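A short write-up of the structure that comes next.
Numbers restart at 1 for each chain; the letters A, B, ... are given by sequence-line order, proteins then strands. All of these numbers come straight from a predicted model, not from anything done at the bench.
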2 protein chains.
Amino acid sequence: MTARASPKPKTDRGERTRQKILSAAAAEIGKRGFSVTSISDITAAAGVGQGTFYIYFQSKEEVLREMVLQMGRDLRQHLSAAIAGTRSRLDAEREGLRAFIEFVRGNPGLYRIVEESQFVDETIYRRHYMDFAATYRAALEAAEARGEIRKGSAEVRAWALMGMAVLLGQRYGIWDVATPLDDVIGPAVDLIGRGIQP
Amino acid sequence: MTARASPKPKTDRGERTRQKILSAAAAEIGKRGFSVTSISDITAAAGVGQGTFYIYFQSKEEVLREMVLQMGRDLRQHLSAAIAGTRSRLDAEREGLRAFIEFVRGNPGLYRIVEESQFVDETIYRRHYMDFAATYRAALEAAEARGEIRKGSAEVRAWALMGMAVLLGQRYGIWDVATPLDDVIGPAVDLIGRGIQP
DNA sequence: GTCAAACATGAATTGATCGTCATATGAATG
DNA sequence: CATTCATATGACGATCAATTCATGTTTGAC
C-alpha cells in the first residue's frame, strides 16, 4: 500500500523523540484502541508538537506495524526464557502457556494492539501469527522426531495450540485476572497431553 | 453507553427498508471493515437516502450489535444441526469443528464482523463468547457425567476448545480455503481426543 | 563561535463524515 | 378523495482529524 518507511533519526535527540512518540502511541492505542486514537492524542501524550509526528512516521498505520513487530519480539523472548529449562515437550507447553497468559496479564495493551492490527493491516497480523506458527511447528516436529509426542500434523497442532493459548489469554489474561493461573494451566495442559477421552 | 434502540418499523415497507440497510451494512462492513465503512457507504449500497439510515438506527455501532447477535444465532443453528446426529462427545467435537470452519468459509464477512466488534463494543463481543462458552461447558459437563470423557474443568476446556476452533477457522477458513477440511479435522480431533503424549 | 543540517512547532489548510431537517412521497383508513 | 401517519430524501451546517509548511530552535562538526 504505502511506500518505504521513514528514514531513521540521525541524532540522539531525534532517537529519543521517536521513542517518546512510540511509547505514547503504545499507551494510548493500547488503552483506547487504534481507530479512536488520533495522531494529536499521541503527540499530546508524548509532549511533542503535531507536526513532529510526521518527521518519524508516515501514518498511524506505520506506528502500528512497528508496535506489532516489537510486541512479537518481546513475546518471543519472554516465551523462550520460560521454555528454556524444560525437559519435555509437555513441560514446554505448560511453561509456554503460563508465560503467555502472564505476558497478557502484564501487557494487556500490547496484546490488544496485535489483535486490532488485523483490521488495520492484515499483512502484519498474518505475518505475526505465521512466524509463531513456524516456530511452534518446528518445535513439535522435533519433539515428534525424538518420540516425545505421538505422530500427527505439526501444522494443525501448532495452530490449534496457539488458538487455545490466545483465547485462554483473552479469558484469563484480560477478562478475568483473579483466577489463579494454576487453575487454568492444569486442566489445559491435561487436555493438551491426554485429550478428553477416558 | 447509548440509550434504547430505535423503534421497530410499523409497516412492511419499513421492515423491508430496514433489512436492505442491514444487508448492505453486513456486506460492506464484512468486506472492508467497520471503521473504514461510512454510513453513506452503507446507504449507497442499500440504495436509500442518507437520512433513511437514522430512521432505523442510531449509529453504526447499533447496526454492528444487531449483526453480531444475528451471526450468533446463525452459527448456533448451524452447529446444532451439525451435532444433532452424533453418538459421542468426540463425534460432536468432530462435526462441530467441521461445521464451524465450513461456516467461516461460507461467511467470511460475518466472521470478521464478530471479531472486529471486540474493538467497537466489547460488551457484545464478550457476551457472544460467554454464551457459546456456557453452552459448550454444559455439553462437556453432561458428557463427563455420562462417563464419556475424563474428569476435568469444563470451563477451561470449553475456552480452550473454542480457541482452537477460532484460530483454525482463521487459518483454514479464511487464509487458506484450499486445504481439504478432512486434513484439518482429523489431526485436530485426534488432539482433542487423545492429546499429544505417546 | 560559525554554520549547515537536523529537528521541532502549531496554526492553517484540506478533506471527509456525521447527523439534522424541511420537504416530499407512499399507503391505509373512513 | 381527503386525511393522516409512516416513511424517504439529500442538501447543509457542524465537527473533527490528517497533513502541510513557513518559521524557529538545537546540535555537532570544524
Side-chain angles (χ1 to χ4, degrees), chain A residues 1-25 27-67 116-117 119-121, chain B residues 1-25 27-29 31-67 116 119-121:
Chain A
M1 219 59 68
T2 46
R4 66 192 175 284
S6 312
K8 296 282 161 196
K10 297 184 193 295
T11 71
D12 270 5
R13 181 170 65 130
E15 186 52 50
R16 264 179 283 124
T17 303
R18 202 185 116 100
Q19 282 303 326
K20 275 199 296 184
I21 293 172
L22 224 33
S23 305
E28 292 296 303
I29 295 178
K31 200 183 308 159
R32 293 214 287 269
F34 181 82
S35 49
V36 303
T37 300
S38 67
I39 289 177
S40 69
D41 286 341
I42 295 171
T43 53
V48 304
Q50 312 237 25
T52 308
F53 181 91
Y54 293 93
I55 297 174
Y56 302 106
F57 304 99
Q58 311 219 0
S59 63
K60 250 193 326 177
E61 282 75 13
E62 193 185 323
V63 175
L64 187 80
R65 272 189 286 276
E66 181 122 358
M67 290 191 299
E116 194 168 5
S117 75
F119 304 104
V120 178
D121 180 347
Chain B
M1 221 59 70
T2 44
R4 68 197 173 281
S6 312
K8 296 284 162 193
K10 296 182 194 294
T11 69
D12 270 4
R13 182 169 64 129
E15 186 52 49
R16 264 179 282 125
T17 303
R18 203 185 115 100
Q19 282 304 327
K20 275 199 296 186
I21 293 172
L22 225 33
S23 305
E28 292 296 304
I29 295 177
K31 200 182 310 160
R32 294 214 285 270
F34 180 82
S35 48
V36 302
T37 301
S38 68
I39 289 178
S40 69
D41 286 339
I42 295 171
T43 54
V48 303
Q50 312 238 27
T52 308
F53 181 91
Y54 294 93
I55 298 174
Y56 301 106
F57 305 98
Q58 311 218 358
S59 64
K60 247 192 333 177
E61 282 75 12
E62 194 185 323
V63 175
L64 187 80
R65 274 189 285 276
E66 182 123 357
M67 290 191 299
E116 194 167 6
F119 304 103
V120 178
D121 180 348

Reckon A:Ile55 touches a base, only the sugar-phosphate, or nothing at all at heavy-atom distances under 4.0 Å? base
For residues B:Ala25 and B:Val63, report the shortest heavy-atom separation together with the two atoms involved. CB-CG1, 3.6 Å
Could you tell me the separation between the OH atom of A:Tyr54 and the P atom of C:dT13, rounded to a whole number of Å? 17 Å
Any A:Thr11 side-chain nitrogen or oxygen under 4.0 Å from OP1 or OP2 of C:dC7: yes
Using a cut-off of strictly less than 4.0 Å, decide whether A:Thr17 has a side-chain nitrogen or oxygen near OP1 or OP2 of C:dA8. yes
Using the salt bridge (Lys or Arg N to Asp or Glu O under 4.0 Å) rule, take A:Arg32 and A:Glu28 through it: C-alpha gap first, then chi angles, then the decisive distance, then the call. CA-CA 6 Å; A:Arg32 293 214 287 269; A:Glu28 292 296 303; 3.1 Å; yes
Quick one: A:Ile21 CD1 to D:dA18 P, roughly how many Å, whole number? 14 Å
Any base atoms under 4.0 Å from A:Phe57, or only sugar-phosphate, or nothing? Heavy atoms, all strands. nothing
Minimum-distance pair of heavy atoms, taken over all atoms of A:Ile42 and A:Ala24: O-CB, 3.7 Å
The residue, B:Val36 or B:Arg13, whose nearest nucleotide of DNA chain C is more 5′ is B:Val36
Phosphate contact (C:dA8 OP1 or OP2) by A:Tyr56 side-chain N/O below 4.0 Å: yes
Euclidean distance, atom CD of residue B:Glu61 to atom C1' of C:dG19 [Å, nearest integer]: 13 Å
Which atom pair, heavy atoms only, marks the closest approach of A:Lys60 to A:Phe34? NZ-O, 3.0 Å
Can you tell me how far P of D:dA8 sits from CG of B:Asp12, to the nearest Å? 12 Å
Length of the line joining B:Lys8:NZ and D:dA6:P, which is rounded to integer Å: 17 Å
Contacts to DNA chain D from residues 41-49 of chain B, heavy-atom cutoff under 4.0 Å, which residues? B:Val48, B:Gly49
In whole angstrom, give the distance that lies between atom NZ of A:Lys10 and atom C1' of C:dA6. 9 Å
Could you pull out the closest heavy-atom pair between B:Pro9 and B:Gly14, with the gap in Å? CB-C, 3.6 Å
Please determine, for the side chain of B:Gln50, which listed nucleotide (C:dG26, D:dA18, D:dA11) has the closest atom? D:dA11
Assert: residue with more 5' nearest nucleotide on DNA chain D, out of B:Arg18 and A:Lys60, is B:Arg18
Once you round it to whole Å, what is the distance between C1' of D:dT20 and CZ of A:Phe53? 14 Å
Nearest non-hydrogen partners of B:Leu22 and B:Met67, listed with the distance: O-SD, 4.3 Å
For A:Thr52, answer base if it contacts any base atom (sugar-phosphate contacts may also be present), sugar-phosphate if it contacts only those atoms, and nothing otherwise; contact means non-hydrogen atoms under 4.0 Å. base
B:Arg16 CZ to C:dG26 C1', straight-line distance once rounded to whole Å: 11 Å
Correct closest heavy-atom pair for B:Ser35 and B:Glu116 would be N-OE2, 3.8 Å
